[in-house]
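Each chain gets a letter, A, B and so on, in the order the sequences are listed, and its residues count up from 1. Values below: all heavy atoms of this structure, side chains included; hydrogens, waters and symmetry mates excluded.
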Amino acid sequence: MADETPLLDELEKGPWPSFVTEIKKAGEKNKAAKDLLGVLEKSYKDRITHWKHGGIVGVTGYGSGVIGRYCDSPEEFPNAAMFHTVRVNHPAGWYYKTDSLRKICDIWEKYGSGLTNMHGSTGDIILLGTTTDNLQPCFDALTEAGFDLGGSGSALRTLSACVGPSRCEWANIDTLGLIRDLTMEFQDEIHRPRWPYKFKIKASGCPNDCVASIARADFTIIGTWKDSIRIDQAEVQNYVRNGFNVEKHVVSRCPTEALKLDPQTGELKVKSEDCVRCMHCINLMTRAIRPGIEKGATILIGGKAPIIKGAYLSWVLVPFMKLEPPYDDLKDLLRKIWDWWDENGRTRERVAELIERLGLKTFLREIGLKPVPQMVKYPRSNPYVFFDK
Amino acid sequence: MGKTDIGPPDFWDMLPEAIKRNYGTWKYHEHVRPGVLKHVSESGEQLYTIRAGSTRLLSIDFIRNICDIADEFCDGHLRFTSRSNIEFMTTDESKVEQIIGALNAMGLPVGGTGNSISNIVHTQGWIHCHSAATDASGLVKAIMDGVYDHFTDMKLPNHLRIAVACCINMCGAVHCSDIAVVGVHTKPPKPDHERVIAQCEIPTTIQSCPTGAIRRHPDANIKSVVVREDLCMYCGNCYTVCPAMPLADAEGDGVAIYAGGKVANARKPPMFSRMVVPFLPNKPPRWQEVVDIIIKIIDVYRNDAKPAERLGEWVERIGWEAFFRKTSIPFTEQHIDDFSHAVETFRSTTMFKW
């Protein structure tokens, strides 16, 4: 127990909302939350973490969804000696009705510390801090309320999507419907880890990539279009009339010089075959320019953080795929990738690292995709080439 | 045993009615003011979104309080963003000010839209993680206090995304952020020989090391491993597979600062963040040196960049040599890459600035 927290109290000052205030609020009602405050103050004093490696804890029938956590000073903080985390799969897009959020609050008041993350970095609702004995009843109550656990360990991690067509005019695919569909299809892959390492899927509706799918997902789905951007010339004139310098801010900043402002007519023209759909003009002239009509997605593979061979941004795998329910082509592609990776991957080897080790050429052959120039930045510069007999 | 594999609730049941009506038919949007978006659909219907900044760590009482606001003004619906902001939506323009008032009364700032600094994506840190080299929530609080006005304003050249990861596992995948703070260890792991035999699989532990620094203990009677300290770059991968290899150290742990990453494709392809400060010691509770450097970088960027230029695009245009000069951040041997993709970062042209 720690009633004095002079270091953490410093973090209740300043204009931004304070997480310390949140822990204190929870600590007034819950002993584990109160002890968490003590553990954290001790870390601030010692400049070191006081959490140990997790043990294996979970709920019946699942291999993932719960992260075991134990404090290294259980005598000092008996109520936080066990402080396991429950990952709860969020509804796609992170929309909630208040009655469902209140149900989660009630469950977590009963079975946990009363502290949450809304949300963890992969997208789950994180219920922070409970005991081994409370895990199963907490899970049972969650499923009664219509919620299920997310992924952890060497499993398919909780999938996430940008806001998509629910509130964005740039969505080229139904990110929410797609992620909902894939999440339901692959419940077994989420809940029962059996792969070399983790696998993440994220979907963004346009190349602005608001869920960072190219950096944070092994399997990256980014909405795009095949035809031309749509330009509303009357709205272009409105921008000009309102003093917006279309030439300076839009035309001259187009990375492929695909735009031209006709000096006579004031018409904004696009050379569609030169456009690489970067979104710059659309971002700046939301009322005048929109994506095209022939919509689909670019599928990319391999994005990940540095552990262990370095960070990767996903690489183009399928330049354009129509994405409509039941998404069979996409699911087939995913299953082929998983089979190959599961067969060839070493422990803790992400799919990008395996592709680097065995070669993109081998990977493409194994999953049955033909090489196209859109997959590479440059062709090779060295002469060391394998040819089949 | 209860139900299994039911999956998450269907998002459709969570959507506000106005969003169900206009799903897939939005026409354009506008930034009404910092923190307020207006989306207009093909049908002409308008939807206002009010975005509030919040901590990622929330008590259930806080969640109940924001539910009260959503019940009063938004027909019982709300949404979180991927950066832990909270969004309140209404078709009634007259409710916008009331919602902002209710949020401010709770101590929550409204902002984070357009050319602003939105909330910081971050990891668990000392709150909950065994491998944390720094705290995340405390750093985030200190940084957001320091850049608060950029959350409530939209005066930057473009939006600026900050991320904090408490170790180089980077659960927050901070490697493509405009500015990223990453917890780093700088001392090799210390194998606890008595625990290694009990808790670890020795071949897996040896294989986990990306630089081959871990070997079997030279004394065959000791079933453990040793670390070649000259090869260790403190990634902690061995500690993840073997709990008896702790590397946290009060003096050796601290943070590094990276800059210039982005994920959007706008104008230029996505970019990695690059190291700008290799190490600063942990100075809780407020990490003032870290906050000061971040503010310095932001100030130089906002005065120097062109409209719509992201931080990384600006640095690419002026050159990293100019970045280090303009920010007065020292360039050291640690800035030169010597890991897996190092040669891609060396300069092969005579074009550079003095």
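For A:Tyr70, no part sits under 4.5 Å from any heavy atom of chain B, backbone or side chain. In this structure, chain B has heavy atoms under 4.5 Å from both the backbone and the side chain of A:Thr85. Proximity to chain A is limited to the side chain of B:Met89, based on heavy atoms less than 4.5 angstrom apart. At a 4.5 Å heavy-atom cutoff, the contact between B:Leu57 and chain A is made by backbone and side-chain atoms alike. Proximity to chain B (any heavy atom under 4.5 Å) is restricted, for A:Leu36, to the side chain, taken from C-beta onward. Residue B:Glu309 touches chain A through both its backbone and its side chain, counting heavy-atom pairs closer than 4.5 Å. With a 4.5 Å cut-off on non-hydrogen atoms, B:His39 touches chain A through its side chain but not through its backbone. When heavy atoms are compared at a cutoff of 4.5 Å, A:Met184 approaches chain B solely by way of its side chain, counted from C-beta outward. In this structure, no portion of A:Leu142 lies under 4.5 Å from any heavy atom of chain B. Using a 4.5 Å cut-off between heavy atoms, B:Asp75 does not touch chain A at all. Interface residue A:Arg346: only side-chain heavy atoms are found under 4.5 Å from chain B. For chain A, the nearby part of B:Ser54 is the backbone; its heavy atoms alone come within less than 4.5 Å. If you measure heavy-atom distances from B:Pro16 to chain A, the contacts under 4.5 Å come from the side chain alone.
No other option in B:Val174, B:Ile60, B:Val263 has as many heavy-atom pairs under 4.5 Å with chain A as B:Ile60. When B:Asn282, B:Leu78, B:Thr134, B:Val40 are compared by the number of non-hydrogen pairs under 4.5 Å with chain A, B:Leu78 comes out ahead.
Figure legend: B:Arg79 and A:Tyr95 shown as a cation-pi pair, the cationic atom lying under 6.0 angstrom from the six-membered ring centre and within 45 degrees of its axis.
When each of A:Arg102, A:Lys29, A:Lys24 is checked for a salt bridge (charged side-chain N to carboxylate O under 4.0 Å, His left out) with B:Asp61, only A:Lys29 meets the rule.
In this pair, B:His128 and A:Trp51 present their aromatic rings tilted. The plane angle is within the 30 to 60° band. The aromatic rings of A:His119 and B:Phe80 lie perpendicular to each other, with more than 60° between the two planes, well past the 30° mark.
Between A:Leu8 atom CG and B:Asp135 atom CG the span is 8.5 Å, to the nearest 0.5 Å.
Shortest non-hydrogen contact noted between B:Trp26 and A:Arg167 is NE1-CA, 3.4 Å. Counting all heavy atoms, side chain and backbone alike, A:Lys309 lies closest to B:Ser340 at O-OG, 2.7 Å. The minimum heavy-atom distance linking B:Ala308 with A:Leu284 is given by the pair CB-CD1, 4.4 Å.
Centroid-to-centroid, the aromatic rings of A:Tyr96 and B:His77 stay 6.0 Å apart or farther. A distance of 6.0 Å or more separates the ring centres of A:Phe19 and B:Trp126. Aromatic pair B:His175/A:Tyr312: ring centres not closer than 6.0 Å.
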